[in-house]
Peer 1: 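Structure provided below as structure tokens; questions to follow.
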Amino acid sequence: MLLALDDARSTAVLAGKGADAEIFGVIDLTSKKETRIGGISLGCAIQFVANASVLGYDVRSAMVLYGEPGTPSLRVWDCEHLWTQYGGALLQPSEPGKGLGQA
């Protein structure tokens, strides 16, 4: 069972989906080495962690860091939940004045 994120946290993630993020704790299964991924948007980081197992990575220990210092990190189950719930909306650029699901 996936743990549900509260609405405020989901809203904050969606609002910051274009923010810079870093992913720690990713293991490349081919080389068996830990890889740190930076220079990626929050939305892309969530997509990567949610789909990493099919790409040949172990993300059981992964953490996505974003936002101001003190912002809670996202773990693999958070990313899976967010990707399942919002999918491609996390990758689309934000439009001023439009909320999620508004045309």
Side-chain angles (χ1 to χ4, degrees):
M1 180 174 136
L2 294 175
L3 298 176
L5 293 177
D6 61 48
D7 288 339
R9 189 164 180 197
S10 293
T11 300
V13 166
L14 287 169
K17 65 187 175 186
D20 290 337
E22 289 185 86
I23 310 170
F24 295 90
V26 175
I27 306 295
D28 181 332
L29 294 175
T30 303
S31 67
K32 306 289 189 227
K33 294 185 179 182
E34 185 172 353
T35 303
R36 185 174 124 190
I37 301 169
I40 188 171
S41 72
L42 177 57
C44 289
I46 291 168
Q47 178 193 30
F48 175 83
V49 172
N51 296 300
S53 63
V54 297
L55 300 172
Y57 296 95
D58 177 353
V59 291
R60 288 177 287 179
S61 299
M63 294 185 331
V64 176
L65 302 179
Y66 68 100
E68 297 296 320
T71 302
S73 62
L74 298 175
R75 303 298 295 219
V76 67
W77 56 85
D78 299 321
C79 293
E80 289 171 347
H81 174 77
L82 287 162
W83 186 251
T84 298
Q85 189 170 3
Y86 299 108
L90 290 165
L91 304 177
Q92 296 173 357
S94 298
E95 293 183 44
K98 289 190 177 182
L100 186 65
Q102 295 178 348

Peer 1: Would M63 and L55 show up in the same hydrophobic cluster when neighbours are defined by side-chain heavy atoms closer than 4.5 Å?
Peer 2: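 No.
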
Peer 1: Locate the shortest heavy-atom distance separating L42 from Y66; write the atom from each residue and the value.
Peer 2: CD2-CD1, 3.6 Å

Peer 1: Among V49, I27, D28, find the residue that satisfies the side chain to side chain contact (heavy atoms under 4.5 Å, CB included) test when tested with Y57.
Peer 2: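 It is D28; the other options fail the test.
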
Peer 1: Does L65 share a hydrophobic cluster with I40, counting links as ILVMFWY side-chain heavy atoms below 4.5 Å and allowing steps through other members?
Peer 2: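 Not linked; separate clusters.
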
Peer 1: Using every non-hydrogen atom in the two residues, find where S73 and D78 come nearest and quote the distance to one decimal.
Peer 2: O-OD2, 4.1 Å

Peer 1: What pair of heavy atoms forms the shortest contact from A50 to W83, and how long is it?
Peer 2: CB-CB, 3.6 Å

Peer 1: Evaluate the criterion side-chain contact (heavy atoms from CB on, under 4.5 Å) for residue pair I46 and Y86; output intermediate values, then yes/no.
Peer 2: CA-CA 10 Å; I46 291 168; Y86 299 108; over 6 Å; no

Peer 1: Rounded at 0.5 Å granularity, tell me how far CG in L91 sits from OG in S41.
Peer 2: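 Going from the CG atom of L91 to the OG atom of S41 covers 7.0 Å.
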
Peer 1: Is it the case that one hydrophobic cluster holds both I37 and L74, taking links as side-chain heavy atoms less than 4.5 Å apart, direct or via other members?
Peer 2: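 Yes; L74 is reachable from I37 via cluster members.
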
Peer 1: So, taking the atom named CD in Q47 and the one named CG in L82, what distance separates them when rounded to the nearest 0.5 Å?
Peer 2: 13.0 Å

Peer 1: State, with a plain yes or no, whether a side-chain heavy atom of S53 is found less than 4.5 Å away from one of V59.
Peer 2: no

Peer 1: Using side-chain contact (heavy atoms from CB on, under 4.5 Å), reason through H81 and T84 one step at a time and then give a plain yes or no.
Peer 2: CA-CA 5 Å; H81 174 77; T84 298; 5.8 Å; no

Peer 1: Do V64 and F24 sit in the same hydrophobic cluster, where Ile, Leu, Val, Met, Phe, Trp and Tyr count as joined when their side-chain heavy atoms come under 4.5 Å apart?
Peer 2: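 Looking at the clustering, F24 is in a separate group from V64.
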
Peer 1: Would the distance check show the side chain of K17 and the main-chain N or O of Q92 forming a donor-acceptor pair, the cut-off being under 3.5 Å?
Peer 2: yes

